[in-house]
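Contents: one structure, followed by commentary.
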Amino acid sequence: MSRTGLLLAAAALAAVLALAAAKPQPGKLDSVDVDAVLKNKRLFNNYVKCIMDQAPCSAEGSELKERLPKDLATKCASCSDTEKSRAKKVINYLKKERKEVWEDFKKKYDPESKWGDLEWASSS
C-alpha cells in the first residue's frame with residue numbers, strides 16, 4: 001500500500017473511532033420493559049427496594065439508582081427522547097398510583113425539594 005493510501009486508511013479509521021466514541025452507548029436500562037415492570041408487583045418492588053437501599057440491585061437497578069438523582073435534578077437534560085418519555089411515564093405512574101413510594105423517594109433523594117414537583121414530567 002502506498003504512503004498516501006496508508007494515510008487515507010488511518011484517517012478513515014480515526015474518523016470511524018471518533019464517531020463511535022461520540023455515539024452514546026446503550027445502557028442496561030434500554031432493554032427494560034417499563035410497562036411490564038409497572039404491571040408486575042414483584043419486579044416493581046425489587047426496583048423500589050434497590051433504589052431505596054433496602055435490597056441488592058440488579059445491573060439495571062444499579063444503573064437506574066445511579067442515574068435517577070442526576071437525571072431528575074437536571075430535568076433529564078442528557079436523556080434521549082425515549083428516556084424522557086419513559087421517565088415521564090414512571091413519574092406520572094408513581095405520583096398517581098403509588099403516592100407512598102413517590103413520597104419516600106422524594107424524601108430520600110430530594111429532601112430540600114429542589115426538584116419542585118417535576119412539572120416537566122407531567123406533559124406527555
Side-chain angles (χ1 to χ4, degrees):
M1 184 178 271
S2 71
R3 184 178 181 138
T4 303
L6 207 57
L7 287 173
L8 286 174
L13 179 61
V16 168
L17 290 174
L19 284 174
K23 183 179 177 186
Q25 298 300 312
K28 292 174 180 27
L29 291 174
D30 294 339
S31 64
V32 173
D33 181 346
V34 171
D35 292 315
V37 171
L38 296 179
K39 291 176 186 174
N40 184 307
K41 187 176 180 177
R42 183 186 58 79
L43 282 174
F44 177 83
N45 287 336
N46 286 344
Y47 279 102
V48 170
K49 288 177 183 177
C50 160
I51 291 165
M52 298 303 290
D53 295 322
Q54 298 170 348
C57 297
S58 63
E60 295 84 2
S62 292
E63 183 176 329
L64 179 63
K65 184 176 172 179
E66 179 183 323
R67 288 187 57 179
L68 266 176
K70 177 183 152 250
D71 287 348
L72 293 178
T74 64
K75 299 181 181 179
C76 225
S78 63
C79 298
S80 68
D81 289 341
T82 301
E83 290 168 334
K84 280 183 186 176
S85 174
R86 293 168 63 156
K88 288 177 182 183
K89 179 180 281 193
V90 172
I91 290 167
N92 288 315
Y93 172 81
L94 291 173
K95 287 170 126 180
K96 292 176 187 170
E97 306 295 329
R98 301 297 301 269
K99 293 176 185 173
E100 73 287 352
V101 172
W102 178 245
E103 292 303 319
D104 289 346
F105 176 77
K106 286 189 343 183
K107 284 178 194 171
K108 178 173 178 62
Y109 288 98
D110 188 29
E112 298 174 9
S113 296
K114 291 182 180 181
W115 300 344
D117 199 29
L118 298 175
E119 294 82 13
W120 64 270
S122 296
S123 61
S124 300

List for me each residue that meets side-chain hydrogen bond (donor to acceptor under 3.5 Å, both in side chains) alongside K108, sequence neighbours excluded, and say none if there are none.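 In terms of side-chain hydrogen bond (donor to acceptor under 3.5 Å, both in side chains), with neighbours along the sequence ignored, K108 is linked to D53.
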
Measure the spacing between [atom1] of [X] and [atom2] of [Y] and express it to the nearest 0.5 Å.
X	Y	atom1	atom2	value
S58	L43	OG	CG	9.0 Å
C57	E63	SG	CD	11.5 Å
E103	L94	CD	CG	10.5 Å
M52	K65	CE	NZ	10.0 Å
F44	Y93	CZ	OH	5.0 Å
N46	E60	CG	CD	11.5 Å

Over 60° means perpendicular and under 30° means parallel, so classify the ring planes of W115 and F105, tilted if in between. tilted

Using a 4.5 Å cut-off on heavy atoms from C-beta on, say whether the side chain of [Y] contacts that of [X].
X	Y	answer
N92	E97	no
Y109	I51	yes
K106	P111	no

Atom NZ of residue position K75 - does it have more than 12 heavy atoms of other residues, nucleotides or ligands inside 6.0 Å? no

Within a reach of under 6.0 Å around NZ of K89, are more than 12 heavy atoms found that belong to other residues, nucleotides or ligands? no

Closest contact, heavy atoms only, [X] versus [Y]:
X	Y	result
C50	P56	CB-O, 4.1 Å
R86	V32	NH2-O, 2.7 Å
E83	S78	OE1-O, 4.2 Å

Donor-acceptor contact present, side-chain [X] to main-chain [Y], <3.5 Å:
X	Y	result
N40	A36	no
Y47	L64	no
S85	D81	no
R67	S62	no

Salt bridge (Lys or Arg N to Asp or Glu O under 4.0 Å), that's the test. Do R98 and E100 meet it? Break it down for me. CA-CA 6 Å; R98 301 297 301 269; E100 73 287 352; 3.1 Å; yes

Got a salt bridge between K114 and D110, using NZ or NE/NH1/NH2 to carboxylate O under 4.0 Å? no

